[in-house]
Amino acid sequence: MKVLVVNAGSSSLKYQFINLTTCHCLCSGLVERIGQESGHLTHKRLPDTPHRVVKKEEHQFADHAEAMKRVSALLTDSEYGVIQDISEIYAIGHRVLHGGEEITHPVIVDEHVKNVIRRCFPLGPLHNPANLTGIEVSEKMFPGIPNVAVFDTEFGMSMPPSSYMYPLPYELYEQYGIRRYGFHGTSHNYVASRTAEFLGKSRDELNAVILHLGNGASASAVRNGSCLDTTMGLTPLEGLMMGTRCGTIDPAIVPFLMQKTGMSAAEIDTIMNRKSGLLGICGINDMRDVKDAVKKGEPRAVLALDMFVHRIKKTLGAYMAVLGRTDAVVFTAGIGENDDSMRSRVCANMDFFGIKLDEEANAGRGDGPRRISTPDSRVSVLVIPTNEELSIAMETYRVVHEH
Ligand code: ADP
């Protein structure tokens, strides 16, 4: 059972081709700078196939259709491919940023679904148009193969109104859909299921705080297996401090800046999304580089790291307060899975919360899910690797199979 997972951005196309029988990725790739003069493609056939092969191409891709045509050819290529014929693709799963309140579960794409994605353009102006293009191109390129839309907002849709409403005039919610949606849903959802499995619980018994710490970062409070609260809001800008995004700030800063500097809303949006976070404070957005700068004693890098930790820690405390019983605190994504000193700082001095980290286990390496708390820690602290593409592939298969 093989599923193609597509993540189409405004000028990029990411893909993974996943064998669901083994849960292995057979090949993956990225086409960048679509529509620009010098496009670039990287295609990797992955290790569980006889030989790992990497193909790189510099080529002008006029549009997403041309990029997808090349991907389709590579999938069946005698040297770089992994299948004989396109008909071996069971279904195509598309990552879609925003489904608004209308679509809350993965669905087979039809005209109605495409219209909902279109209607949500204002809520996800950078992602939704590109996601729709990815779907339309796949429909043309692979006729007869079902396309499934998996929404990044799905997990957050189980939040109760007390979590998802903003304390703004109620009409703004009714007229414009201004509420909290939450993102990174495929990751939080996948990690919640793996956490329940790891603890030997059924998913609907799980209470946990999940910390997805990557370039984009978000936390979620999971109660009885569902999302009780999550840090991202109307857009993926709210919540924790991130690589280039500010996360939660006083909203009055926006009109203040507009009045002081004459900047437009769009310019301030760019600052908050692309020039803030770790990058805004110390000029570096990649956590590994920030840590190198900290080692050299650069004060701004030290400050950026301190702020990053502080904001995670206070969110963790808040989420444990609303959850009450907490079975696990879970670290995932690039920083969460790899950065033991980050985990150690986030969990420091939390004995009062029932959190005791086993520093030796925390410092150890490992690929799979693992426990890093002491045996007498009331709350289990876990590292659970996320796999958003596998999660999308599994959901895609389920939806098509049940159809
Ligand atoms: P995204 O998918 O949001 O782009 P990832 O989940 O891949 O992000 O995480 C990327 C982040 O993880 C980067 O900031 C990177 O520096 C960080 N990271 C990866 N490995 C390590 C490590 N060993 N120590 C600290 N940070 C790491």
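As the structure lists them, so they are numbered: ligands from 1, and atoms in each ligand from 1. Reckoned from all heavy atoms, side chains included, excluding hydrogens, waters and symmetry mates.
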Peer 1: To the nearest 0.5 Å, what is the distance between NE2 (H212) and CD1 (I384)?
Peer 2: 14.5 Å

Peer 1: What side-chain donor-acceptor pairs closer than 3.5 Å can you find for residues 219-226, not counting sequence neighbours?
Peer 2:
{"unit_1": "S220", "atom_1": "OG", "unit_2": "H188", "atom_2": "ND1", "d": "2.8"}

Peer 1: Between R371 and D358, does any NZ, NE, NH1 or NH2 come within less than 4.0 Å of an OD or OE carboxylate oxygen?
Peer 2: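 The answer is no: the pair does not qualify as a salt bridge.
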
Peer 1: Should the pair K14-E388 be classified as a salt bridge under the 4.0 Å nitrogen-to-oxygen rule?
Peer 2: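 No, this pair does not count.
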
Peer 1: Go through the structure and list residues passing side chain to side chain donor-acceptor pair (under 3.5 Å) with R325, not counting sequence neighbours.
Peer 2: D327

Peer 1: Which pairs, with at least one residue in residues 252-268 and sequence neighbours excluded, count as a side chain to side chain donor-acceptor pair (under 3.5 Å)?
Peer 2: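 Non-adjacent pairs meeting side chain to side chain donor-acceptor pair (under 3.5 Å): S264-E267.
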
Peer 1: Identify all pairs of nitrogen or oxygen atoms, one from ligand 1 and one from the protein, separated by less than 3.5 Å, and list them with distances.
Peer 2:
{"unit_1": "ligand 1", "atom_1": "3 (O)", "unit_2": "N215", "atom_2": "N", "d": "3.2"}
{"unit_1": "ligand 1", "atom_1": "3 (O)", "unit_2": "G216", "atom_2": "N", "d": "3.2"}
{"unit_1": "ligand 1", "atom_1": "6 (O)", "unit_2": "G334", "atom_2": "N", "d": "2.9"}
{"unit_1": "ligand 1", "atom_1": "8 (O)", "unit_2": "N215", "atom_2": "N", "d": "3.1"}
{"unit_1": "ligand 1", "atom_1": "12 (O)", "unit_2": "I335", "atom_2": "N", "d": "3.4"}
{"unit_1": "ligand 1", "atom_1": "14 (O)", "unit_2": "M287", "atom_2": "N", "d": "3.0"}
{"unit_1": "ligand 1", "atom_1": "16 (O)", "unit_2": "D286", "atom_2": "OD1", "d": "2.5"}
{"unit_1": "ligand 1", "atom_1": "16 (O)", "unit_2": "D286", "atom_2": "OD2", "d": "3.4"}
{"unit_1": "ligand 1", "atom_1": "16 (O)", "unit_2": "M287", "atom_2": "N", "d": "3.1"}
{"unit_1": "ligand 1", "atom_1": "16 (O)", "unit_2": "R288", "atom_2": "N", "d": "3.1"}
{"unit_1": "ligand 1", "atom_1": "16 (O)", "unit_2": "R288", "atom_2": "NE", "d": "3.2"}

